[in-house]
Structures are given as structure tokens and as C-alpha cells.
Amino acid sequence: MNGVILAVILVGGVGLFIGLFLGLASMKFHVEVDEREEKVLSALPGNNCGGCGFPGCSGLAHAIVEGEAPVNQCPVGGESVAKDIADIMGVSAEESEKMVAFVACNGNCDNSKIDYDYYGAKDCQVMAFVPGGGPKSCNYGCMGYGSCVKACQFDAIHVINGIAVVDKEKCKACGKCIAVCPKKLISLIPYSSSYAVSCSSKDKGVDAMKKCQVPCIGCGICQKNCPNEAITLEDNKAVIDQAKCVKCGACMEKCPKKAIVNL
């Protein structure tokens, strides 16, 4: 009986010692946290998507309070969250245009030529090890196996008829789809954009037409007909400067291969 009592006292004493030690250690090594950081963190959406360039929402909250990031750094929260954080920080929030992802390819099952049937793993990033970079003739186009779909936390991108298509109403511009696309087909464009070049081929016109029915052939007709010099030719394809675009639609109307689409 005495042994049991002694054991209880010993265990209790050890527990008390550890508790006191941990308590003193927490006081010794306590780090003061700016209360604004907690408020900013609570204002952020909490997706921890990394689209802001920091390790999660807590990393962004710390960076904002430390002056290392602007109050509108969160792409998911948008303007409303930026205003809330600006109020917390006692600054004004600069207005920023909403951005959305865009897949520069229209080589769907109807438009693209297929070189062979593929029955392997359905993942775009695996295609680097597949002959020709995949079964589609165009090595620049969307492979349609949905690596971007898996990466999106917001159900904003889906594979439709063999190519990835973005739902601009759901897109939060986090950039996860951009990071995983091995063909680098996805970029961010302003939500208000009306026209975009739906092709990423760098092939010359003759070669591009052998692989797809709707390629940009680099003919320059869109460039010549643009009233605001918003279109340039780079690597045999047209590029629209959305900041200069006046949304007249002349480029889409004149494009002989219908490579420019209305968003």
C-alpha cells in the first residue's frame, strides 16, 4: 500500500514539475503578436491556396502587418477583403481589377488532329514521358487530362470536349492551374476582357493548320485591323494587350481561322 502511495506522489510530483517548467518556458519564450495580425488573418478567406505568394493566409497576414505585402495581395478575397484589411491597417485600399484564368487553346476534340490513341495515365504532367508529348498533333495545345482541374480549389475549371475551360465567375485567380499546366497555356487576364487569342502554337501557319482547324497562323490581319494597336505578333502568334484593347471586335471578325474568341 505504501508503494502505491509513493508511486502516486512521485508521478504527481513529476507532473507538477513538468507543468511548472512548461509554464516558465512559455513565459520566457513568449513572442508578442501584433493584434492587427490576428484581425487581418480573420478577414482573409482562409483557403491557404498560396496564390498570394506567401505560405498560407497566416503568412500573408504577417507580411501585411510587417509592411511586406499590400492590403490587396489576396487574389481570392478580392476588393471586399482588401477594403476590410485596409480598415484594420488604417490605410486606403488601391483599386485593382479582378483577374481570371484563361486557357489559350481551342484545340478540342472537334478541332484538333489526333496522331494515336492513348490509354495511359490521365494526367497532363505525365505527358512529358509520352511520345510526342501526347496524342494530339499540336505539341502546344491543351492535352485535356485535367491536372489544372485537380489543382483548382474553387471548381472553376473543367475539361469540356477535350480542353480545359475556365468558369470566370468562379475563378479566384489563385494561380494554381497556371503552376501545374506543363504546356504553360494558362494565364491571368482582366475579368472585363472581351477578346483573347485562343491559341498557343508557335508553329508557322502552314504547319499549324495541319494540326488544328482553328490555329493562329500569324498572318497579322488582326494586327492590321486593330484601331488601337493593341495586337502584336510574337513567335508566329497574335498577342492582345488587354490594357489597350477597346473591345471593338474587329480582330475576331477579321481572323481567318477564328483563333480569336469572345469571352
Side-chain angles (χ1 to χ4, degrees), residues 75 95-115 124 134 136-144 146 148-149 152 156-173 175 177-178 181 183-263:
E95 291 187 5
S96 59
E97 186 169 8
K98 179 181 178 181
M99 305 293 284
V100 292
F102 172 71
V103 183
C105 178
N106 199 20
N108 57 33
C109 296
D110 300 322
N111 295 329
S112 60
K113 180 181 177 182
I114 303 298
D115 290 335
C124 301
K136 288 185 177 180
S137 298
C138 179
N139 292 328
Y140 299 98
C142 176
M143 293 174 284
C148 52
V149 176
C152 181
I157 187 166
H158 300 91
V159 174
I160 300 175
N161 196 22
I163 59 170
V165 178
V166 176
D167 182 339
K168 63 188 294 186
E169 302 303 328
K170 291 183 178 181
C171 180
K172 303 298 182 182
C177 57
I178 297 174
C181 178
K183 299 287 188 178
K184 305 303 178 185
L185 299 174
I186 309 175
S187 61
L188 294 179
I189 63 174
Y191 174 86
S192 60
S193 300
S194 295
Y195 302 95
V197 181
S198 189
C199 180
S200 295
S201 175
K202 296 180 182 180
D203 288 337
K204 292 183 177 180
V206 175
D207 295 326
M209 287 189 291
K210 293 177 181 178
K211 303 172 183 178
C212 181
Q213 295 183 25
V214 288
C216 176
I217 56 177
C219 63
I221 293 178
C222 56
Q223 183 183 32
K224 295 174 184 176
N225 284 273
C226 179
N228 213 42
E229 298 183 348
I231 302 178
T232 56
L233 294 179
E234 300 177 13
D235 294 325
N236 296 316
K237 61 186 178 68
V239 177
I240 298 177
D241 183 341
Q242 297 295 344
K244 292 182 178 180
C245 179
V246 294
K247 306 176 183 180
C248 65
C251 56
M252 185 180 76
E253 293 176 7
K254 297 294 182 178
C255 179
K257 301 304 295 183
K258 306 305 177 186
I260 299 177
V261 296
N262 184 215
L263 302 175

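The basis for the numbers below is simple: all heavy atoms, side chains too, and nothing from hydrogens, waters or symmetry mates.
Contact detail for Asp115 and Ser137: the closest heavy-atom pair is OD1-OG, 2.6 Å. Looking at every heavy atom in both residues, Gly107 comes nearest to Cys212 through CA-SG, 4.3 Å. Closest approach of Val197 and Ala238 over heavy atoms only: CG2-O, 3.4 Å. Ser194 approaches Asn262 most closely through the heavy-atom pair O-ND2, 2.8 Å. When all heavy atoms are compared, the tightest approach of Ser201 to Ala208 is OG-CB, 4.1 Å. The shortest non-hydrogen separation linking Ile186 to Ala101 is CG2-CB, 3.8 Å.
A donor-acceptor pair under 3.5 Å is formed between the side chain of Gln242 and the backbone N or O of Tyr195. Remark: side-chain polar atoms of Lys136 are paired, donor with acceptor, to backbone N or O of Cys142 under 3.5 angstrom.
Among residues at least two apart or in separate chains, there is no salt bridge (Lys or Arg N to Asp or Glu O under 4.0 Å) pair with a member in residues 184-200. For residues 205-218, the set of pairs meeting the salt bridge (Lys or Arg N to Asp or Glu O under 4.0 Å) definition, not counting sequence neighbours, comprises Asp203-Lys211.
Legend: residues meeting side-chain contact (heavy atoms from CB on, under 4.5 Å) with Val159, ordered by chain and number and at least two apart, are Val149. In terms of the side chain to side chain donor-acceptor pair (under 3.5 Å) criterion, Glu253 has no residue partners (sequence neighbours excluded). Annotation: side chain to side chain donor-acceptor pair (under 3.5 Å) contacts of Ser200 (sequence neighbours excluded): none. Listed by chain and residue number, Lys183 satisfy the side-chain contact (heavy atoms from CB on, under 4.5 Å) test with Asn139 (two or more places apart in sequence, or in another chain). In this structure, the salt bridge (charged side-chain N to carboxylate O under 4.0 Å, His left out) partners of Lys170, at least two apart in sequence or on a different chain, are Asp155. Every residue two or more places apart in sequence or in another chain that forms a side chain to side chain donor-acceptor pair (under 3.5 Å) with Asn108 is listed here: Asn111. Residues that satisfy the side chain to side chain donor-acceptor pair (under 3.5 Å) test with Glu169, not counting sequence neighbours, are Tyr191. Judged as a side-chain contact (heavy atoms from CB on, under 4.5 Å), and not counting sequence neighbours, the contacts of Glu97 are Pro190, Ser192. Annotation: side-chain contact (heavy atoms from CB on, under 4.5 Å) contacts of Lys244 (sequence neighbours excluded): Asn228, Ala230, Asp241.
Here the straight-line distance linking atom SG of Cys171 with atom NZ of Lys98 works out to 7.5 Å at 0.5 Å rounding. Distance OG/Ser112 to CG/Asn161: 8.5 Å, rounded to 0.5 Å.
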Indicate every side-chain donor-acceptor pair of residues 218-225 with a distance under 3.5 Å to a residue at least two apart or in another chain.
from	atom 1	to	atom 2	distance (Å)
Gln223	NE2	Ile231	O	3.4
Asn225	ND2	Ile221	O	2.7

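Screening Val261, Asn106, Ile260 for a side chain to side chain contact (heavy atoms under 4.5 Å, CB included) with Val214, the sole residue that qualifies is Asn106.
Lys254 NZ: 12 or fewer foreign heavy atoms inside a 6.0 Å radius. At most 12 non-hydrogen atoms from other residues, nucleotides or ligands lie less than 6.0 angstrom from NZ of Lys202.
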* **Derivation of the side-chain contact (heavy atoms from CB on, under 4.5 Å) call for Met209 and Ile217** => CA-CA 8 Å; Met209 287 189 291; Ile217 56 177; 3.7 Å; yes
* To do: Start with the C-alpha distance between Phe102 and Ser198, add both sets of side-chain angles, then the distance that settles side-chain contact (heavy atoms from CB on, under 4.5 Å), and finish with yes or no.
  => CA-CA 9 Å; Phe102 172 71; Ser198 189; 4.3 Å; yes
* **Full working for side-chain contact (heavy atoms from CB on, under 4.5 Å) between Ile157 and Val165** => CA-CA 6 Å; Ile157 187 166; Val165 178; over 6 Å; no
* **Test log, rule side-chain contact (heavy atoms from CB on, under 4.5 Å), inputs Ile189 and Leu263** => CA-CA 11 Å; Ile189 63 174; Leu263 302 175; 3.5 Å; yes
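Pro227 is listed as a side-chain neighbour of Cys248, based on a closest heavy-atom distance under 4.5 Å.
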